[in-house]
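This report refers to the structure that appears directly beneath it.
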Amino acid sequence: MIRLATDVGGTFTDLVGYDERTGEIFTAKSLTTVQDQSEGVLSAIDLAERKDGLSTRDVIFFAHGGTTVINAITERKGVKTALVTTAGFRDVLEIGRGNRPDLYNLQFRSPEPFVPRSLRFEVRERMDAKGRVLTPIELSDIEPIIRECRARNVEAVAVIFLHSYVNPHHEITCARALAEALPDVTICASHEVSRQWREYERSNTAVLNAYVQPIIKRYFARLERALTERDLTCPYYAMQSNGGISTFDQAQMSPLTLVESGPAGGVAGAARIGAVLGQSEVLSLDVGGTTAKCSLIHDSRPTLDSEYKLEHTRIVPGYPVQVPVVDIVEIGAGGGSIAHIDERGALRVGPESAGSTPGPACYGRGGDKPTLSDALLTLGIFDPASFAGGQMQLDKDKAAAAITTVAKPLGLSVEDAALAIVEIAHASMINALKLVTVQRGHDPRDAAFVISGGAGPALAARLGRDLGVKMTVVPPHPGIFSAWGMLAAEPRADFRGTWFSPLESEAISNLKRRFDELKREAVTYFAKGDAAEIRYVCRVEARYRGQEHGVFALFDMEDNAESFAERFHAAHERAYTFCLPNSPVEITMIHLEAVLHGPVIAIPKLDDAGRSLDTAFKGHREVYFGGTTGWVSCPVYERTRLPSSEKIAGPVIIEEATATLLVIAGQVLEVSEEGLLLIRERDGRSV
């Protein structure tokens with residue numbers, strides 16, 4: 001009985017399988033096939049069959065995550081989409097919030113809407129903020145819209161009416177009329193995706209969901225056919241951006257929930273590692289081939305971003321979406337990130353990536369630009385012969401030649417230029433990690449640091465030391481950890497809705513009734529009956545009267561107005577460094593997190609038979625540390641042969657099929673009973 005997961009990244013497609021009967025682990029890593037990601041998934045399955053003897057007929061569970069949704073959006077490769085909205089509001093999508101994140105940028109331009117104005121249509125209807133009908137819907141307005149959509153070959157239509165989050169009756173009527181007249185067109189009504197206020201954000205959410213819905217439907221259909229042909233006919237699940245999983249059918253109804261599908265798998269895996277170590281605060285970092293992604297697990301649960309924005313940067317406002325997304329900061333600093341000299345003569349790393357084609361120069365696939373992977377190879381951290389378990393021979397000469405293109409203009413040796421590339425990537429990752437900790441009101445010194453990805457462990461020890469975390473942890477199979485994490489995820493659904501009221505005793509009573517209603521909706525969603533074992537977490541967003549935005553605080557079903565107010569004040573102080581205990585409080589939104597209990601991947605204790613330092617020892621390798629230290633001969637060990645409870649002083653290199661770990665001088669590596677690699681300072685202080 002095998003549980004199988006695949007994760008499609010920008011460079012590699014990863015596979016992890018877990019046999020529940022024997023505890024055997026199946027792994028595979030293949031290059032991502034950009035033109036059709038399902039081909040890379042099948043290649044990974046083929047490799048696992050040849051290498052590890054994986055039997056697809058024994059697979060009882062298949063989870064899949066990837067970049068299909070995010071790629072369609074960022075590359076503008078979704079379908080032609082139209083928008084139908086309340087008369088007078090067709091330009092909400094373009095007006096946006098009118099805010100400028102970079103106040104003095106005179107070249108600022110608002111983000112281009114995903115629906116051009118010629119495909120934004122209006123219908124006469126109107127609800128007020130309480131959901132009462134002010135103007136009945138004028139159905140005759142829909143007829144010319146239908147004709148125009150046919151003439152323009154529109155493939156998807158988003159329907160969003162003013163205040164439909166309170167009363168969706170007009171939206172339902174319009175969507176039904178469009179679906180009957182346009183049977184081959186995807187119709188997405190906003191209330192099906194979001195029941196939250198703020199018309200601009202809700203409009204973006206509905207439009208983007210419609211924009212990618214036909215894409216994900218075709219992709220899942222193609223993937224299901226291919227899997228069925230391989231005798232893999234078990235239930236199929238998709239990794240969601242909230243850290244849980246859903247069935248393919250559920251995901252297709254709201255594909256925008258897959259926008260950060262792959263990275264969320266790594267966060268789910270980090271939470272599982274934290275549970276094994278007894279750590280409720282976990283800082284995770286996954287350094288893949290294209291990007292580095294970091295997130296914080298707080299109180300044993302992934303932190304959600306309540307204001308997630310696609311393509312948001314310091315100077316670009318991005319596209320807000322109202323779907324629950326794990327709070328992930330992503331930067332262009334992965335193994336394939338290209339180093340270059342900018343117009344001012346400074347060395348930069350990323351965000352452009354060499355991807356899988358042609359890939360870093362050392363891959364020997366035609367790439368000639370220096371990348372982070374080329375730098376790690378040049379410094380001696382990567383072994384050209386054993387990289388990726390020996391499946392891919394790296395070319396050290398081509399890596400050095402590529403780095404020379406930036407070394408010469410800077411007047412540096414090849415080694416010092418490679419070290420500079422690593423240092424710049426390191427600084428970018430430190431900044432990103434502080435964004436999800438310090439700038440969110442959390443101290444990284446309280447957290448265990450779980451680092452994964454193909455390039456992550458090579459940078460782990462120094463990152464952990466500079467952050468001052470409790471311990472740095474390298475999990476099992478770090479190079480394919482996002483796929484591993486999908487086997488640690490459980491089915492999950494989030495129910496959010498605007499719910500406005502002053503904080504008072506009557507409001508608390510009404511809140512409890514509303515949460516009970518949402519719990520019944522969760523039971524229906526999972527379709528497992530009333531006896532289903534579901535864990536619930538209730539959160540309420542509140543604000544001080546006169547504020548624009550609020551903060552979420554946990555809500556206990558035993559709460560009264562005073563006890564919840566105390567919890568809100570504490571949450572506000574953590575987020576903004578102050579609270580106003582004597583100010584009136586307003587409730588603005590409620591959020592129910594529902595997680596269906598399900599089996600997750602086990603982390604058994606190591607069997608030390610045949611394991612020892614002697615059998616794990618592979619020899620020595622010269623690693624360049626720069627400065628007065630220069631080249632240092634470091635012992636090299638094979639991870640799969642290390643015994644538990646063993647401690648090894650740095651500097652030392654630990655190799656495995658999917659990653660290479662470098663422990664630096666002054667640190668000690670410990671192998672836990674479960675085979676986790678723990679790094680601490682030699683004098684016993686927290687890293």
Side-chain angles (χ1 to χ4, degrees), residues 1-9 12-33 37-66 220 223-224 226-239 244-248 261-262 264-266 268-273 276 286 288 388-391 452-454 475-491 598-607 639-640 656-659 674-676:
M1 299 301 186
I2 297 171
R3 297 171 61 80
L4 192 67
T6 58
D7 172 45
V8 179
F12 290 102
T13 295
D14 303 331
L15 175 147
V16 173
Y18 170 66
D19 192 322
E20 295 179 327
R21 299 163 299 183
T22 65
E24 183 180 2
I25 297 290
F26 306 89
T27 63
K29 200 175 187 74
S30 65
L31 289 171
T32 293
T33 48
Q37 294 182 356
S38 63
E39 293 179 6
V41 173
L42 298 178
S43 295
I45 292 173
D46 289 341
L47 181 58
E49 288 177 329
R50 296 194 307 270
K51 181 172 65 74
D52 295 336
L54 171 70
S55 172
T56 54
R57 291 184 178 182
D58 293 334
V59 175
I60 60 170
F61 170 94
F62 177 81
H64 179 64
F220 277 176
L223 181 58
E224 284 191 52
L227 294 173
T228 301
E229 291 173 0
R230 301 295 181 92
D231 289 329
L232 206 159
T233 56
C234 63
Y236 305 127
Y237 290 87
M239 186 70 208
I245 55 176
S246 65
T247 65
F248 272 19
S261 174
R272 179 79 178 97
I273 297 297
V276 171
D286 184 280
Q391 296 179 54
S452 58
H477 314 289
I480 51 177
F481 188 64
S482 287
W484 187 94
M486 293 175 194
L487 297 180
E490 297 174 290
V600 295
I601 189 168
I603 308 179
K605 292 184 177 181
L606 286 183
D607 180 0
R639 177 175 185 171
T640 58
E656 56 184 301
T658 64
E674 300 82 10
L676 305 175

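These values consider heavy atoms only, across backbone and side chains, with no hydrogens, waters or symmetry-generated copies. Since the model is a prediction, treat every value here as computed from it, not as a measurement.
With rounding to the nearest 0.5 Å, the separation of CD in E674 from CG in L676 is 5.5 Å. In this structure, CH2 on W484 lies 3.5 Å from CD1 on I603, to the nearest 0.5 angstrom. Note: F62 CZ to T6 OG1 = 3.5 Å, rounded to the nearest 0.5 Å. Of the inter-residue distances, the one linking L232 atom CG with D58 atom CG reads 10.0 Å to the nearest 0.5 angstrom. The CZ atom of F12 lies 8.0 Å from the OG1 atom of T32; values are rounded to the nearest 0.5 Å. The structure places CD of Q37 at 10.0 Å from CG of L223, a figure rounded to the nearest 0.5 Å.
Here the closest non-hydrogen pair linking D286 and S452 is OD2-OG, 2.9 Å. The two atoms that bring I2 and S55 nearest to each other are CD1-O, 4.0 Å, heavy atoms only. Listed here is the closest heavy atom pair of A268 and A489: CB-CB, 4.2 Å. Between A48 and L15, the shortest heavy-atom distance links the atoms CB-CD2, 3.8 Å. Residues G269 and A488 come closest through the heavy atom pair CA-CB, 4.4 Å. Nearest heavy atom pair, residue F481 against residue P475, reads CE1-CB, 3.4 Å.
Below 30°, between 30° and 60°, or above 60°: for H64 and F220 the angle between ring planes is above 60°, a perpendicular geometry.
The shortest side-chain heavy-atom distance between S43 and T13 does not fall under the 4.5 Å cut-off. Here the side chains of V600 and E490 are in contact, with some heavy-atom distance below 4.5 Å. Using a 4.5 Å heavy-atom threshold, the side chains of P476 and I273 count as touching. Put simply, the side chain of F26 does not reach to within 4.5 Å of the side chain of L4, judged on heavy atoms.
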Exercise. Decide side chain to side chain donor-acceptor pair (under 3.5 Å) for T233 and T228; before the verdict, give the C-alpha distance in whole Å, the side-chain angles of both, and the deciding distance to 0.1 Å.
Key: CA-CA 5 Å; T233 56; T228 301; over 6 Å; no
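In this structure T27 satisfies the side-chain contact (heavy atoms from CB on, under 4.5 Å) test together with I25, K51, D52, H477, I480, sequence neighbours excluded. For E20, the side-chain contact (heavy atoms from CB on, under 4.5 Å) test picks out M1, R3, Y18, I60, P599, with sequence neighbours left out.
Atom CZ of R57 has 12 or fewer heavy atoms from other residues, nucleotides or ligands within 6.0 Å.
For R230 (side chain) and T56 (main-chain N/O), no donor-acceptor pair under 3.5 Å exists by modelled atom type. The closest donor-acceptor contact from the side chain of S261 to the backbone of M239 lies under 3.5 Å.
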